[in-house]
Amino acid sequence: MMGTSYNTTIIKREGVNKVIRVVCKAKLKPGVYIEEYLEIAREVVLETRKEKGCIMYTLHEDINDPSILTTLEEWEDEESINQHNKSEHVLRMVPELRKLRESTEINLYKEVK
């Protein structure tokens, strides 16, 4: 989540929009103070929104389980995601977020026309 490295092997098809949407779902470890996680995650969101190629980057909390946090992302293209994964704030803060997670699921999507 929040800038975790993605496998960005995208199948290229003619006429397909290059926009990539990412859904990154994280489950926090039992006993983790959610505000500790959110403090770091909010900084990642703020910095990421400034990046070239970032269309949308939002953090969401599960309604039924506040220990499940999901980032919804929208990027102009694969190169934008690759640059994001190399950014200073991702390399500095994401390892700290990972320490607080029990699990992470990341899925990349392209729109089907």
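All residue numbers refer to positions in the sequence shown, counting from 1.
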With sequence neighbours left out, write down each residue that passes salt bridge (Lys or Arg N to Asp or Glu O under 4.0 Å) with [X], or none if nothing qualifies.
X: Glu74; answer: Arg21
X: Glu61; answer: none
X: Lys86; answer: none

Worksheet item: Quick one: do the Asn107 and Glu105 side chains pair a donor with an acceptor below 3.5 Å?
Response: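 Distance-only check passes for Asn107 and Glu105.
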Worksheet entry | No-hydrogen, no-angle side-chain donor-acceptor test under 3.5 Å, His60 and Thr71 | no
To the nearest 0.5 Å, how far apart are [atom1] in [X] and [atom2] in [Y]?
X: Thr58; Y: Glu73; atom1: OG1; atom2: CD; answer: 8.5 Å
X: Arg101; Y: Ile68; atom1: CZ; atom2: CD1; answer: 13.5 Å
X: Glu39; Y: Ile34; atom1: CD; atom2: CD1; answer: 14.0 Å
X: Thr48; Y: Met93; atom1: OG1; atom2: CE; answer: 7.0 Å
X: Ser103; Y: Arg98; atom1: OG; atom2: CZ; answer: 13.5 Å

Fill in: Residues which pass side chain to side chain donor-acceptor pair (under 3.5 Å) with Asp65, listed by chain and number, not counting sequence neighbours
Lys27, Ser67
Worksheet item: What residues form a side chain to side chain donor-acceptor pair (under 3.5 Å) with Arg49, not counting sequence neighbours?
Response: none
Worksheet item: Less than 4.0 Å between a side-chain N and a carboxylate O, is that true for Lys110 and Glu78?
Response: no
Worksheet, complete the sentence: Exactly one of Glu51, Glu43, Lys50 clears side chain to side chain donor-acceptor pair (under 3.5 Å) with His89, and that residue is Glu51
Worksheet item: Are Tyr57 and Leu38 joined in one hydrophobic group, where the rule is that I, L, V, M, F, W and Y side chains link up if heavy atoms are under 4.5 Å apart?
Response: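 Yes; Leu38 is reachable from Tyr57 via cluster members.
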Worksheet item: Do you reckon Val44 sits in the same ILVMFWY cluster as Leu91, going by side-chain contacts under 4.5 Å, direct or chained?
Response: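 Result: no, two separate clusters.
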Pairwise side-chain contact, [X] with [Y], heavy-atom cut-off 4.5 Å (strictly under):
X: Tyr109; Y: Val23; answer: yes
X: Ile55; Y: Glu76; answer: yes
X: Lys52; Y: Ser80; answer: no
X: Leu59; Y: Leu69; answer: yes
X: Tyr37; Y: Leu97; answer: yes
X: Val19; Y: Asp77; answer: no

Worksheet item: So Lys18 and Glu111, salt bridge (charged side-chain N to carboxylate O under 4.0 Å, His left out) or not? Walk me through it.
Response: CA-CA 9 Å; Lys18 289 184 180 181; Glu111 186 176 349; over 6 Å; no
Worksheet item: For Lys99, which residues count as a side chain to side chain contact (heavy atoms under 4.5 Å, CB included) partner, sequence neighbours excluded?
Response: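 Glu96.
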Fill in: For Val32 against Leu100, the heavy-atom pair lying closest together
CG2-O, 3.5 Å
Discussion item. Tell me whether the rings of Trp75 and His84 are parallel (<30°), tilted (30 to 60°) or perpendicular (>60°).
Written reply: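 The rings of Trp75 and His84 sit tilted, inter-plane angle from 30° to 60°.
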Practice prompt. Evaluate the side chain to side chain contact (heavy atoms under 4.5 Å, CB included) criterion for residues Thr104 and Lys25: first the C-alpha distance (whole Å), next the side-chain angles of each, then the deciding distance (0.1 Å), finally the verdict.
Written response: CA-CA 6 Å; Thr104 306; Lys25 180 179 175 182; over 6 Å; no
Worksheet item: What do the steps show when you test Leu108 against Ile106 for side chain to side chain contact (heavy atoms under 4.5 Å, CB included), and what is the final call?
Response: CA-CA 7 Å; Leu108 284 75; Ile106 300 172; 4.0 Å; yes
